[in-house]
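Have a look at the structure below before the remarks.
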Amino acid sequence: MRKAYVVVVSLLLAVLPGVPARAADNGSWSVYPVAAQAAARPYFYLSADPGQSLTDKVAVQNRTGEPLTFRLYAADAYNTPRDGGFAVRTADETMHGVGAWARLARTRITVPGHRTVTVPFTLRVPAGAEPGDHPGAIVALDERTEPGGGKLALGIRRAVGARVYLRVSGPALPALAVSRLSVGRHRPLLFGTGTATVSYTLRNTGNVTLRPSAELTARGLFGRTLLERRAARVPAELLPGQSVRLTETWRGTPVLDRAAITVSARAQGASASAGASFYAVPWPLLMMLVFVVVAMVIVWRMRSHLRERTTTRRDRRFAVRRGLRDQGQ
């Protein structure tokens with residue numbers, strides 16, 4: 001029986017110190033913009049008008065002692081939906097920005113051990129390109145696949161990319177949106193405070209990259225402050241048109257109150273907010289209280305009924321005795 005085979009591409013776009021131009025590096029090879037050391041660039045920062053062509057160079061450095069062969073390609077960037085990390089499309093995906101506009105002079109290169117190969121590229125911005133930011137990367141992919149074991153064989157292909165931040169001239173329109181705010185509550189069985197999970201979607205609805213921050217607040221009855229803190233899971237960069245689903249945990253929710261929760265997001269030139277509310281009611285405790293009250297009512301009615309029956313019997317015996325006494329007279 002043949003094994004199912006899955007290829008996973010491991011892509012590194014991080015900036016690490018100690019390598020040329022603060023290159024993206026995975027320990028075996030680095031990818032970085034070509035620049036004089038005095039003007040080293042951490043990324044490609046490019047500006048162009050619609051219809052303009054730019055030229056630049058990317059360097060791929062082999063940090064091992066053996067020759068390495070790479071596939072070079074340009075890719076569009078996006079935010080991962082789960083945590084908002086900076087990621088790029090794979091070579092087989094459809095490109096619409098930098099990945100479609102950049103053309104490398106060579107798409108496959110072999111870099112000898114401890115050597116560097118420089119590859120020129122041209123970026124042609126279409127005349128009808130939308131103004132604003134178009135992030136992407138120049139990626140060096142090692143097409144060798146490291147096989148895995150087991151019934152489901154996982155193959156790993158490693159890649160390193162140098163980020164490209166391209167801005168097309170025109171109106172810059174920063175804008176944010178906060179939506180789909182929901183609150184999930186986890187209450188203790190009897191006593192103690194609860195926990196709330198606040199989830200919301202943060203979206204960049206403008207055309208420029210934003211570095212947002214968010215604040216989580218909760219107000220109780222009569223405006224009492226229950227919670228006020230900065231959200232910790234907001235991505236460092238939110239790319240145009242991208243959204244991310246974020247979650248914050250609120251420990252120590254009130255036992256008995258009405259909580260109005262607001263998520264407020266801000267970035268340079270943009271802001272947005274959304275709200276939701278919930279009632280904090282200790283239902284188990286209330287159920288116990290209702291049970292006790294019902295039990296007390298039942299006991300009281302049983303005792304009242306017993307007293308009525310006792311009184312009735314006593315009255316009947318008294319009436320019989322009185323009747324006998326009257327007959328004797």
Side-chain angles (χ1 to χ4, degrees), residues 11 13 15 20-24 31-60 71-79 84-107 109 118-140 160-177 203-212 235-244 266-272:
L11 176 63
L13 294 148
V15 174
R22 298 176 63 199
V31 182
Y32 55 93
V34 173
Q37 190 64 32
R41 297 178 291 172
Y43 309 124
F44 290 99
Y45 291 103
L46 306 174
S47 299
D49 297 325
Q52 183 180 358
S53 294
L54 305 174
T55 58
D56 213 317
K57 296 179 181 179
V58 63
V60 181
R71 178 182 179 184
L72 292 182
Y73 69 95
D76 296 344
Y78 65 96
N79 287 105
F86 189 100
V88 300
R89 306 295 178 187
T90 63
D92 298 328
E93 293 184 76
T94 302
M95 308 293 179
H96 301 281
V98 169
W101 304 340
R103 292 291 181 269
L104 290 128
R106 300 166 64 185
T107 58
I109 59 172
T118 298
V119 178
F121 67 90
T122 301
L123 198 156
R124 295 183 175 88
V125 180
E130 295 184 0
D133 291 339
H134 298 267
I138 306 297
V139 180
V160 176
R163 299 188 189 189
V164 177
Y165 289 98
L166 169 67
R167 173 160 290 190
V168 177
S169 60
L173 304 173
L176 272 174
R203 182 175 179 82
N204 183 343
T205 57
N207 65 354
V208 294
T209 299
L210 300 176
R211 291 169 176 79
E237 291 180 315
L238 192 58
L239 308 180
Q242 297 296 304
S243 62
V244 59
R266 293 179 178 83
Q268 187 173 4
S271 63

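Along the sequence shown, residues are numbered consecutively beginning with 1.
- Here the OG1 atom belonging to Thr118 is positioned 6.5 Å from the OH atom belonging to Tyr32, to the nearest 0.5 angstrom.
- A donor-acceptor pair under 3.5 Å is formed between the side chain of Arg41 and the backbone N or O of Val34.
- Ring geometry for Phe44 versus Phe121: interplanar angle over 60°, hence perpendicular rather than tilted (30 to 60°).
- Here the straight-line distance linking atom CD of Gln242 with atom CG of Leu210 works out to 12.0 Å at 0.5 Å rounding.
- The shortest heavy-atom contact between Val98 and Ala74 is O-CB, 3.8 Å.
- Counting only residues at least two apart or on different chains, no salt bridge (charged side-chain N to carboxylate O under 4.0 Å, His left out) pair has a member in residues 119-131.
- Not counting sequence neighbours, the partners of Glu93 by the side chain to side chain donor-acceptor pair (under 3.5 Å) test are Thr90.
- Closest approach of Pro50 to Ala127, counting heavy atoms only: CB-O, 3.3 Å.
- Heavy atoms only, all atoms of each residue included: Phe86 and Glu237 are closest at CD1-OE1, 3.9 Å.
- Here the NZ-OG1 distance, from Lys57 to Thr55, works out to 8.5 Å after rounding to the nearest 0.5 Å.
- Using modelled atom types and a 3.5 Å distance limit, the side chains of Arg71 and Tyr73 yield no donor-acceptor pair.
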- Any chance you could lay out the side chain to side chain contact (heavy atoms under 4.5 Å, CB included) test for Leu72 and Ile109, step after step, and finish with the verdict? CA-CA 8 Å; Leu72 292 182; Ile109 59 172; 3.9 Å; yes
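- Considering all non-hydrogen atoms of both residues, Ala270 and Leu176 come closest at CB-N, 3.9 Å.
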- Go through the steps for Asn79 and Leu238 under the test side chain to side chain contact (heavy atoms under 4.5 Å, CB included), then give the verdict. CA-CA 7 Å; Asn79 287 105; Leu238 192 58; 3.7 Å; yes
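- Nearest heavy atom pair, residue Ser169 against residue Pro131, reads O-CB, 3.5 Å.
- Distance check, rounded to the nearest 0.5 Å: CG of Leu239 to CG of Asn204 gives 7.5 Å.
- Nearest approach of Val168 to Val125, heavy atoms of both residues: CG2-CG1, 4.0 Å.
- Contacts of Arg167 classified as side chain to side chain donor-acceptor pair (under 3.5 Å), with partners at least two apart in sequence or in another chain: Asp133.
- Distance OH/Tyr165 to CG/Leu46: 12.0 Å, rounded to 0.5 Å.
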- Verdict with reasoning, Val58 to Leu104, per side chain to side chain contact (heavy atoms under 4.5 Å, CB included): CA-CA 9 Å; Val58 63; Leu104 290 128; 4.1 Å; yes
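- Atom CG of Asn207 sits about 4.5 Å away from atom CG of Leu173, to the nearest 0.5 Å.
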